[in-house]
Amino acid sequence: MSGIILQSAEILEPLQVAISKYRGETVYPFERDFAMLMYTNRGEYLWKVLEGYVSNCGSIPWVGQKLLRVKSFDPKKPLQNAIFFFHDDLYQKKGYDIFDREDSDSLCRGGLREAGYSRFQASTIDFCLMVGAWGHWGDNAYGNFDFLSKLEKVG
């Protein structure tokens, strides 16, 4: 089990994305800059995303979405979406050489708990994400330039 624990997450800049298609897949290009501060047992981390960044949000397989009653993107749940976008970015950037894959998944589970899901739901949703993203560690499938997102330890 991972040693990192997400204690809380705070959205600093509101999430504003569009819905688009990329190679037949639904994606969400950011229409404005976004920022989220995360408090963990290892310190505070600031994640910033610039306008133009693209993500598929939660790559939860359709069956998992139906069984768990969760959407890969839910306009009524901004924190859930932010956590899914963050998890996607961590996978694209191989954890920014700060977090490994296990840490990235642990942060996702913690974020889902913070978004109101039970421990069972968060773990199961994260498992579905892991299945959906299995081959994507380090895969920048949407051509996001490195400058479009940044993660830094701030405390």
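Note that the coordinates shown come from a computational prediction; the quantities given were computed from them, not determined experimentally.
- For the atom pair Glu44 CD and Leu37 CG, the distance stands at 5.5 Å (nearest 0.5 Å).
- Residues Asn41 and Ile4 have side chains in contact (heavy-atom distance under 4.5 Å, counting atoms from C-beta outward).
- Minimum interatomic distance between Ala82 and Ile11 (heavy atoms only, all atoms of both residues): CB-CD1, 4.2 Å.
- Among the candidates Ser55, Ser149, Ser104, the single residue satisfying the side-chain hydrogen bond (donor to acceptor under 3.5 Å, both in side chains) test with Asp88 is Ser55.
- A heavy-atom distance below 4.5 Å is found between the side chains of Tyr96 and Trp47.
- The nearest pair of heavy atoms linking Leu50 to Asp33 is CA-OD1, 3.3 Å.
- With Gln80 contributing its side chain and Lys71 its backbone, the two residues share a donor-acceptor pair below 3.5 Å.
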Run the numbers on Lys93 and Leu151 for side-chain contact (heavy atoms from CB on, under 4.5 Å), then give the verdict. CA-CA 10 Å; Lys93 306 280 177 48; Leu151 179 66; over 6 Å; no
Evaluate the ring-ring contact (aromatic ring centres under 6.0 Å, His included) criterion for residues Phe30 and Phe85: first the C-alpha distance (whole Å), next the side-chain angles of each, then the deciding distance (0.1 Å), finally the verdict.
-> CA-CA 10 Å; Phe30 281 59; Phe85 284 127; 4.9 Å; yes
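- The distance from the CZ atom of Phe84 to the NZ atom of Lys77 is 9.0 Å, given to the nearest 0.5 Å.
- Nearest heavy-atom pair across Gln92 and Val54 is NE2-O, 4.0 Å.
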Between Tyr53 and Asp89, is the side-chain hydrogen bond (donor to acceptor under 3.5 Å, both in side chains) condition met? List the steps.
CA-CA 10 Å; Tyr53 179 86; Asp89 191 50; 2.9 Å; yes
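- The two atoms that bring Gly110 and Leu6 nearest to each other are C-CD2, 3.6 Å, heavy atoms only.
- Two residues are said to be in side-chain contact when any heavy atoms from C-beta on lie closer than 4.5 Å; Ile98 and Lys153 fail this criterion.
- Side chains of Lys21 and Thr26 form a contact here, defined as non-hydrogen atoms less than 4.5 Å apart.
- Here the closest non-hydrogen pair linking Lys48 and Ala35 is CG-CB, 4.2 Å.
- For the pair Thr124 and Leu67, the minimum side-chain heavy-atom distance is 4.5 Å or more.
- Ring to ring, Phe99 and Tyr45 are close: their centroids are under 6.0 angstrom apart.
- When all heavy atoms of Arg113 and Arg119 are compared, the closest pair comes out as NH1-N, 2.6 Å.
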